[in-house]
Each structure stands twice: as C-alpha cells, then as structure tokens.
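Since the structure comes first, as structure tokens, the remarks are kept for the end.
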Number of protein chains: 2
Amino acid sequence: MRLDERKFMILQAIIDDYITTAMPVGSRTISRKSGVGFSPATIRNEMSDLEELGYLDQPHTSAGRVPSVKAYRLYVDHLMKAARLSGEEKKRMQEHLNRRSDQVESVIRSAASVLSDATRYTSVIVAPKLGSLRIKHVQLVPVAERTALIIIVTNAGIVKDAVIHIPEGLDADHLYNISRTLTEKLADKPLDAVRQTFAEMLRDAESNRRLLGDALNAIEQKLGGQDALDVVIGGGANLLNYPEYSDVEKAKSFFAVLESKDKIRKLVSRGGGMEVTIRIGPENGVPELEDCSIVTASYRVGDDAGGTLGIIGPTRMNYNRVISVLDFMGRALSEALSDRK
Amino acid sequence: MRLDERKFMILQAIIDDYITTAMPVGSRTISRKSGVGFSPATIRNEMSDLEELGYLDQPHTSAGRVPSVKAYRLYVDHLMKAARLSGEEKKRMQEHLNRRSDQVESVIRSAASVLSDATRYTSVIVAPKLGSLRIKHVQLVPVAERTALIIIVTNAGIVKDAVIHIPEGLDADHLYNISRTLTEKLADKPLDAVRQTFAEMLRDAESNRRLLGDALNAIEQKLGGQDALDVVIGGGANLLNYPEYSDVEKAKSFFAVLESKDKIRKLVSRGGGMEVTIRIGPENGVPELEDCSIVTASYRVGDDAGGTLGIIGPTRMNYNRVISVLDFMGRALSEALSDRK
DNA sequence: GTTAGCACTCAACACTGTCGAGTGCTAACG
DNA sequence: CGTTAGCACTCGACAGTGTTGAGTGCTAAC
C-alpha cells in the first residue's frame with residue numbers, strides 16, 4: 001500500500017484540523033471540508049489505511065483519529081507549504097526587537113518576548129558563546145579611590161565591562177599604561193584565551209599581581225560565570241492556553257523542565273547550520289516533554305559566535321508559522337547583534 | 001460577645017491547621033490537637049461564635065470552617081509569633097545572594113530567585129529608583145572609530161554605562177576634556193537632573209551637539225527606559241504547587257497578572273518604612289488576586305534610593321516564615337547593593 | 001459550663017442508563 | 001472496481017441516583 005495523492009490530501013486535512021481544534025478528527029469532519037468530494041465512508045477506508053501505515057493513531061475505538069509523530073514528520077518535510085509573514089507583522093517584530101539594542105543581554109531578552117508573543121508558544125534563546133570573539137582592546141578606567149572599570153572591546157563591537165578593585169595609589173596614568181600593555185598582549189586573541197594570557201602575565205609581572213588577579217576574576221565571571229546570560233525563556237505561561245496543558249500536573253512538569261537549564265540546553269542543542277531544525281515529540285530527547293515539539297534556528301554574532309533560538313509548543317503546533325517566525329527572527333537577531341559599530 | 005482567651009486559642013489552631021492543609025477544618029480536628037482539652041461539641045459552640053464574629057467562614061453547611069480575611073488580619077497583627085530563621089538557612093540565602101554582586105540588576109535577579117526558593121511562593125522585586133543617587137563623575141572612553149562608552153559613577157558606587165556614537169575625529173584627548181567638563185557640570189547632581197543639565201549644555205555648547213544628544217539618550221534609556229530593570233519576578237510557577245491553583249483558569253489569570261507590570265506595581269506600592277507590610281486577600285486591591293496575599297518589605301541602595309521586595313502567595317500563606325525571610329532578605333539586599341566601594 | 005446524642009446537610013463518589021460521535025464491515029450501486 | 005449507504009458496535013461524556021462520611025446545630029443530661 002502506498003501513499004497516493006488522495007491519502008496525502010486526507011492526511012493533510014486531518015493534520016490541519018487537529019492543529020486548530022486539538023480534538024480527534026472523524027471522517028465526517030473531513031468529508032464536509034470543501035475540496036474533499038468523498039463521503040465519510042470512503043474517508044474512513046482511507047483513514048483506516050493511514051492508520052495501518054502508521055500515520056494516524058486512534059485514542060480509543062470510537063474516537064476520531066489523531067496524527068502520529070510520523071505524520072507530523074511527513075507534514076513538516078513534505079506537505080507543509082511555507083507561510084509568508086505579512087510585511088506588517090515583520091515590521092512589528094522588528095520594532096519590538098530594536099527598541100532596546102544596547103546590550104547583548106537585553107536584546108536577547110526582548111527577542112525572547114517577541115518570539116513568544118508572535119507565536120503564542122514558549123520561546124527559548126541560548127546566548128551566544130562569546131568566547132570566540134576576538135579582543136580589540138582593553139581599558140582600565142578609574143571610577144573611585146580603589147575601584148576601576150575594566151572594559152573589553154571585541155571585534156564584533158560588543159563591550160564587556162566589570163568593576164574591579166585596584167591597589168591603592170594607582171592613578172589614571174598608571175592605569176592607562178597598564179591598559180596599553182593589556183591591549184598589546186591581548187589584542188586579536190579570542191576571549192577564551194584571556195585566562196591563559198592573564199595567567200602568564202601573573203607569572204611574569206611581579207607588580208600589580210592583585211590588580212591582574214581581580215581583573216581576571218571579574219572578566220571570567222562576566223564571560224562564563226553566573227553573570228553570563230545563559231538561556232532566556234519567554235512566554236512560559238503561554239502553553240497554559242492549550243488544552244494539552246489543562247492538567248495542572250502537566251503544566252507543573254513543564255515548568256519544572258523550563259527551570260532546569262540542563263534539560264533546556266539538551267532541548268536546543270542544535271543540528272547545525274542556519275537551517276531550521278524541527279524535533280517532534282519524543283525526538284526532542286527529553287521524556288517529560290514527549291508531547292512537545294521544539295523548533296530551533298540559529299543566529300550569529302559578528303562572524304564567529306552564534307547561539308540558538310527556539311520555540312517549544314505542543315506537537316500539534318503550527319509548524320508553518322513557527323518556522324517562518326523563527327527564520328525571520330534568526331536573521332533579525334543576527335543583524336541586531338552584529339551591526340553595532 | 002468578646003474574644004476571650006479560649007476563642008483566641010481555637011482560632012489560632014484553626015488558622016494553623018488551615019495554613020498547612022488547605023482543607024476546611026472541623027471541630028473534631030481541633031479537639032484532637034494536643035493542648036486543647038475540649039470535646040468537639042464545645043469547640044463547635046466556640047466556632048459558631050467565631051463565625052458570628054466574622055472570623056470564620058463556612059463554605060457550605062456541612063463543611064468545616066475556613067478563616068476569613070478578618071481572621072488572618074487578627075492572626076498577623078496579634079496571634080502570630082515571630083519565626084526565627086536558622087543560622088544555617090540565613091547562611092544559605094546569603095551565599096546564594098552574594099555569589100553575583102557586580103551589577104545591580106543581577107543582584108536583584110538572584111535575590112528574587114532566593115526569595116522564591118526560600119518561601120516556595122512567588123517573589124517580586126521592584127528595582128530601586130536610581131534617580132536620586134548623585135553623580136560623582138562622568139567619563140567617556142573611546143572604544144572604536146566612532147563609538148565610545150559613557151560611564152557614570154554615582155555616590156553609592158553604582159556604575160551605569162552605555163555605548164554611544166560619537167562624531168568622527170574625536171580622539172582620546174578630546175573625549176577626556178569633554179569628560180572633565182561633564183563631570184564638573186554634573187557632579188553632585190542627582191541622576192534625575194541629568195536630562196535638564198544636558199539640555200542646558202545642548203543649548204549652550206555649539207559644538208559636540210550630536211555627541212551630547214546621543215549621550216543623553218543613552219543615559220536616559222538606561223535609567224528610565226526599556227533598558228532599566230523594572231520589576232523582577234521569581235518562582236512564578238511555585239504557586240502551581242498549591243491546591244488553590246489546581247484550576248488552570250486560575251493559574252492562567254495569575255500569570256496574566258504577573259505579566260502586567262502595572263498591576264504588579266500596584267500590588268507592591270508600599271506602605272513606607274523598612275517595616276514589613278501585609279495585604280491580605282482583597283486588601284491588595286487587585287481583583288484578580290483577591291485570594292492572594294502579598295507581603296512586602298523594602299530595601300535601600302546607599303542612603304537615598306530604595307526599592308521593594310515582596311512575596312505573593314495564597315491568603316493561607318505561612319505569614320510567619322514569609323515575614324522573617326523578607327525581613328532578612330531586605331537587609332541582606334540593602335547590604336549587597338550599598339556596600340560596593 | 002461541658003458533653004453526649006441525634007437528626008440533618010451536603011460534597012464526594014461510585015454506579016447506571018442514555019446519547020451521540022465515531023468506527024468497521026458488508027452489500028449494493030454506477 | 002471504486003464508492004457509498006446502511007447497520008451494528010464501541011466508548012466517552014453526561015446526567016441522574018443512592019450511599020457514605022465528615023461536619024454541623026440543637027437539646028438534654030451531667
């Protein structure tokens with residue numbers, strides 16, 4: 001038995017219907033649809049075939065049918081027609097995104113909320129690994145008696161800074177000199193290499209040990225520690241709008257997953273490339289979310305570092321729309337984060 | 001009819017029981033409690049009196065009784081004995097809070113999560129109004145061809161910075177001079193006055209118009225715009241653990257309130273002072289949350305600016321513990337934010 | 001003043017029958 | 001031979017029913 005034209009059509013109709021209603025769909029419903037010229041009985045026969053082929057599941061004997069993971073896969077890979085976002089919508093997203101575009105972190109936060117608002121699902125954005133950005137220059141600026149700001153400027157134009165303590169008696173000139181040395185030593189090195197280079201400097205330089213140590217700590221904390229933005233989630237409560245989560249227990253376990261960075265990271269560990277990746281149901285590898293799908297795309301910062309943005313929703317999500325939104329936002333985000341000189 | 005000793009005791013027992021079980025409590029339950037030497041029948045008589053006095057409600061004829069708002073009020077104002085946090089617990093909270101103490105924003109975020117973890121309710125922290133902090137000095141640092149970092153140091157040691165665009169051809173010396181001028185003009189003025197002073201400078205200074213305008217925009221955005229941290233919420237999903245929210249609709253409306261900054265702000269608009277404020281049920285003024293209580297305390301940054309921290313939970317929340325946690329965290333947070341030289 | 005006894009109330013629960021949506025199968029139709 | 005009408009069957013949803021148990025209020029006795 002093969003999937004002929006008509007089976008495709010019927011399957012598509014079932015999926016479309018199920019995506020909007022979340023109710024098992026019966027033969028009558030399909031038969032009534034415009035564009036389908038067959039009686040319920042015929043549809044039933046076809047549905048029976050589709051079930052045998054593994055594209056449909058039946059919750060129980062006298063219920064309608066529900067698309068299986070296999071069906072969604074087929075749908076996503078072959079049946080789906082790409083949705084176009086209206087220009088107006090694109091514009092609106094852009095605006096909401098651009099409004100705050102000073103720090104990487106706040107751009108990402110706003111992107112997450114734009115994503116979840118636009119899709120009505122839950123969004124996840126993993127911050128870029130900034131480690132591969134290269135340092136352009138480093139500067140120490142005195143701010144108070146024994147405090148300075150260390151500023152690191154990278155090739156992507158992103159600035160990281162941190163407040164550090166400095167030994168007494170270091171005046172602006174001193175700091176300026178140290179800055180020059182630091183810049184010389186660090187220029188063109190990736191941020192990842194800061195630790196090592198600092199360590200070397202600590203070994204060599206007798207004086208200013210304290211200063212260098214503090215600076216190193218501060219920077220490390222910014223880049224890789226608690227302070228570094230990691231994964232941002234938007235619209236967690238959105239999923240409560242779907243009947244799949246009308247059970248509080250389910251909702252709770254969903255929120256529990258959202259709070260576990262490990263699981264989130266696992267969820268969005270991406271397939272690579274700028275392409276949109278779709279993981280349907282159990283494919284996502286997190287058992288608690290086996291009836292969720294996750295769609296991810298990626299974005300870049302400058303030419304090196306990149307991160308992932310994604311949408312988590314029920315398996316019957318509107319893949320169509322989600323894909324276009326992610327695709328668009330991936331580009332928009334890359335632009336917002338890279339074009340900052 | 002007056003509230004005698006025994007009525008107090010019984011009321012207290014009822015409240016205690018209800019707070020832990022969330023089930024209407026009957027006369028038998030109270031009678032069985034150690035320390036109560038009366039039969040259910042006697043308790044019933046007393047409960048009947050208490051109901052008449054407005055301290056108890058009866059969901060329906062043959063159910064147990066439930067404390068009324070008036071009862072909680074009495075409990076909170078007179079019956080409750082202050083809980084002591086164990087040293088161990090205090091230490092744990094301190095540690096979780098202190099771990100990241102570089103930027104105001106991240107300290108507040110971590111405080112929110114400490115609060116919600118410690119209480120198992122939802123926490124809200126309103127960021128301090130930084131506008132009343134006074135400027136100590138201002139500095140422009142070149143970071144790239146046409147970009148500079150503007151750094152504002154305040155008397156509380158808090159540093160705000162923003163990336164701005166600068167006109168071509170301004171070298172480090174120029175910027176240094178401008179910084180000096182800015183510092184002179186702005187020193188000792190509150191951040192709130194920046195706008196006005198800048199405006200004056202814009203009028204006077206013929207050159208560097210662009211630069212000043214950009215700087216003003218950037219700073220404004222940082223202080224009062226989208227970028228300024230406003231209100232942070234922690235543990236929103238915590239409330240799902242309580243039977244009060246086993247209904248998804250209720251949970252949804254709760255989350256809706258959490259997403260509305262206006263309502264949150266209304267919720268935590270504080271009664272003033274370092275004192276802990278308690279609003280029970282409808283007292284909080286937000287109809288959607290009429291069966292939630294909110295307990296707030298405040299914290300300070302330096303000597304001027306202050307913010308509010310609070311806990312939202314069901315009316316039958318563990319006021320006792322919540323109050324001690326808030327009190328402790330209020331101090332801890334003030335300390336963490338002020339002691340930063 | 002306290003308590004035992006008793007009739008009463010009401011939510012929760014399990015059970016039952018009905019209804020309707022949906023199915024599979026078979027036979028008839030074009 | 002594909003399509004369709006007809007029919008028996010299945011099963012969840014729902015409403016109605018009786019039972020149980022927790023809890024109450026009242027009264028009379030201690």
Side-chain angles (χ1 to χ4, degrees), chain A residues 1-11 13-18 20-33 35-68 71 243-244 246-247, chain B residues 1-11 13-18 20-33 35-68 71 243-244 246-247:
Chain A
M1 186 169 23
R2 287 281 307 141
L3 276 178
D4 56 21
E5 189 62 27
R6 196 169 70 183
K7 285 194 174 58
F8 267 122
M9 196 194 69
I10 291 175
L11 185 56
I14 293 174
I15 295 177
D16 281 343
D17 192 88
Y18 187 68
T20 64
T21 65
M23 302 284 279
V25 7
S27 49
R28 263 192 80 121
T29 320
I30 297 304
S31 164
R32 267 198 303 266
K33 275 211 170 154
V36 184
F38 303 101
S39 81
T42 310
I43 308 284
R44 278 209 287 283
N45 290 330
E46 295 288 37
M47 283 167 95
S48 176
D49 290 352
L50 284 168
E51 185 173 354
E52 201 176 323
L53 288 166
Y55 291 105
L56 293 179
D57 290 331
Q58 209 171 7
H60 57 87
T61 330
S62 77
R65 258 110 169 171
V66 159
S68 68
E244 282 87 341
S246 57
D247 178 25
Chain B
M1 185 167 25
R2 287 282 309 143
L3 276 178
D4 57 20
E5 190 62 30
R6 195 169 70 181
K7 285 193 175 54
F8 268 123
M9 197 194 69
I10 291 175
L11 186 55
I14 293 173
I15 295 176
D16 281 343
D17 192 88
Y18 188 68
T20 65
T21 66
M23 303 284 278
V25 7
S27 49
R28 261 193 83 121
T29 322
I30 298 303
S31 166
R32 267 199 303 264
K33 274 210 170 153
V36 185
F38 302 100
S39 80
T42 309
I43 308 285
R44 276 208 289 282
N45 290 331
E46 295 288 37
M47 283 167 94
S48 176
D49 290 354
L50 284 169
E51 185 172 354
E52 202 176 325
L53 288 166
Y55 291 105
L56 293 178
D57 290 331
Q58 208 171 8
H60 56 87
T61 327
S62 74
R65 257 106 169 175
V66 159
S68 68
E244 282 87 341
S246 58
D247 177 25

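None of these values were measured; they are calculated from a predicted model. Just so it is clear: chains get the letters A, B, ... in the order the sequence lines come, proteins before strands, and each one is counted from 1.
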Roughly how many Å is it from CE in A/Met23 to P in D/dA13, rounded to a whole number? 9 Å
From the list C/dT2, D/dT3, D/dT4, which nucleotide is the closest neighbour of the side chain of A/Arg6? D/dT3
Nearest-neighbour nucleotide for the B/Glu51 side chain, D/dG23, D/dG25, C/dT2 considered: D/dG25
Sort me out a list of protein N/O and nucleotides 4-10 of chain C N/O pairs below 3.5 Å, or just none if empty.
from, atom 1, to, atom 2, distance (Å)
C/dT9, O3', B/Thr61, OG1, 3.3
C/dT9, O2, B/Ser62, OG, 2.8
C/dC10, OP1, B/Thr61, OG1, 3.0
C/dC10, O4', B/Ser62, OG, 3.1
C/dC10, O3', B/His60, ND1, 3.4
C/dC10, O2, B/Ser62, OG, 3.2

Expressed as a whole number of angstroms, how long is the span from A/Ile10:CD1 to D/dT3:C1'? 12 Å
Please list, chain by chain and in numerical order, all residues satisfying salt bridge (Lys or Arg N to Asp or Glu O under 4.0 Å) with A/Arg28, sequence neighbours excluded. none
Could I get the full list of side-chain contact (heavy atoms from CB on, under 4.5 Å) partners for B/Asp247, not counting sequence neighbours? B/Glu249, B/Lys250
Separation of D/dA22 atom P from B/Arg65 atom CZ, nearest Å, is 17 Å
For the pair made of CD in B/Glu52 and P in D/dT24, what is the distance, rounded to whole Å? 16 Å
When rounded to whole Å, the CD1 to C1' distance for the pair A/Ile14 and C/dG22 reads 13 Å
Which atoms form the tightest heavy-atom contact between A/Pro59 and A/Pro24, and what is the distance? CG-CG, 4.2 Å
Using atom CD1 of B/Ile43 as one end and atom C1' of D/dG23 as the other, report the distance to the nearest whole Å. 14 Å
Got a donor-acceptor contact below 3.5 angstrom from the B/Ser68 side chain to the B/Gly54 backbone? yes
Quick one: list whatever passes side chain to side chain donor-acceptor pair (under 3.5 Å) with A/Gln58, sequence neighbours left out. none
Does the side chain of B/Thr42 get closer than 4.0 angstrom to OP1 or OP2 of C/dT2 through an N or O atom? no
Paired and unpaired positions of DNA chain D as dot-bracket, Watson-Crick or G-U wobble under 3.5 Å, | denoting a partner strand: ||||||||||||||||||||||||||||||
Can you list the residues that meet the salt bridge (Lys or Arg N to Asp or Glu O under 4.0 Å) rule with A/Glu46, with sequence neighbours excluded? A/Arg6, A/Lys7
Look at A/Arg28 and C/dT23 and indicate whether a side-chain polar atom (N or O) is within less than 4.0 Å of OP1 or OP2. no
Using side-chain contact (heavy atoms from CB on, under 4.5 Å) as the criterion, list what pairs up with A/Asp17, not counting sequence neighbours. A/Thr21, A/Val25, A/Thr29, A/Lys33
Measure the distance from CD on B/Glu46 to P on C/dT2 and round it to the nearest whole Å. 8 Å
Closer than 4.0 Å, any side-chain N/O of A/Arg32 to the OP1 or OP2 of C/dA21? no
Can you tell me the distance, in whole Å, between the CG atom of A/Asn45 and the P atom of D/dT4? 10 Å
Quick one: which residue pairs count as a salt bridge (charged side-chain N to carboxylate O under 4.0 Å, His left out) with a foot in residues 53-65 of chain B, not counting sequence neighbours? B/Glu51-B/Arg65
Residues in side-chain contact (heavy atoms from CB on, under 4.5 Å) contact with B/Ser246, at least two apart in sequence or another chain: A/Val248
